Undergrad: 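The structure that follows is given in the form of structure tokens.
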Amino acid sequence: MKPWLIALALAALTAAAGIGYRRGATDCRAAYQARELAHIERANQLDRARIANERTRATLARTLEEKAHADPVSVPRCLGADRVRRLNSLR
């Protein structure tokens with residue numbers, strides 16, 4: 001076999017290996033970026049859910065506060081002293 005033919009074959013093999021390495025590195029980088037983007041999106045979803053829950057909680061707290069400070073509740077019948085003592089003894 002001629003030496004230049006061997007050199008040409010080695011050069012072609014080296015070039016093919018280099019292309020394969022670069023493609024593998026690119027694929028690996030793309031997979032990593034896809035996983036990171038999925039984690040970021042999941043974190044954003046959780047953050048949006050947390051904000052929605054905080055808004056709901058704030059609305060509920062405001063509604064309860066408004067109801068608490070609304071017209072006083074009229075109690076038709078107050079508890080007697082004996083009943084209050086019995087309730088206090090349950091504590």
Side-chain angles (χ1 to χ4, degrees):
M1 219 173 213
K2 298 188 180 189
W4 62 270
L5 186 60
I6 294 173
L8 183 62
L10 285 174
L13 182 63
T14 304
I19 291 170
Y21 175 79
R22 283 192 297 274
R23 181 172 179 196
T26 303
D27 290 347
C28 183
R29 192 177 309 114
Y32 172 76
Q33 288 174 345
R35 283 192 311 271
E36 288 300 309
L37 286 175
H39 287 143
I40 290 169
E41 180 57 34
R42 181 65 182 144
N44 287 340
Q45 288 174 350
L46 291 172
D47 205 32
R48 284 191 297 269
R50 181 188 56 79
I51 290 170
N53 285 337
E54 285 179 2
R55 283 187 188 139
T56 303
R57 184 197 55 77
T59 302
L60 180 60
R62 189 172 37 256
T63 302
L64 290 174
E65 188 74 22
E66 288 170 359
K67 285 182 180 182
H69 293 298
D71 294 330
V73 178
S74 61
V75 179
R77 187 175 129 210
C78 292
L79 298 175
D82 292 331
R83 178 79 176 161
V84 171
R85 281 189 210 106
R86 268 189 277 144
L87 288 174
N88 285 336
S89 70
L90 294 177
R91 283 197 232 175

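These values consider heavy atoms only, across backbone and side chains, with no hydrogens, waters or symmetry-generated copies. These figures come from a predicted structure and were not determined experimentally.
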Undergrad: Looking at Arg83, I'd like to know if its CZ atom is crowded, meaning that more than 12 non-hydrogen atoms belonging to other residues, nucleotides or ligands lie closer than 6.0 Å.
TA: no

Undergrad: Given side chains that start at C-beta, do those of Arg50 and Leu46 come closer than 4.5 Å, heavy atoms only?
TA: no

Undergrad: Among Ile, Leu, Val, Met, Phe, Trp and Tyr joined by side-chain contacts under 4.5 Å, find the other residues sharing a cluster with Ile40 and list them by chain and number.
TA: none

Undergrad: Any side-chain heavy atom of Glu36 sitting closer than 4.5 Å to one from Gln33?
TA: no

Undergrad: Quick check for you: to the nearest 0.5 Å, what is the distance between Arg62 atom CZ and Leu64 atom CG?
TA: 11.0 Å

Undergrad: For Glu41 and Arg35, what are the C-alpha separation, side-chain angles and deciding distance, and is it a salt bridge (Lys or Arg N to Asp or Glu O under 4.0 Å)?
TA: CA-CA 10 Å; Glu41 180 57 34; Arg35 283 192 311 271; over 6 Å; no

Undergrad: Nearest 0.5 angstrom please: Leu37 CG to Asn44 CG, how far?
TA: 10.5 Å

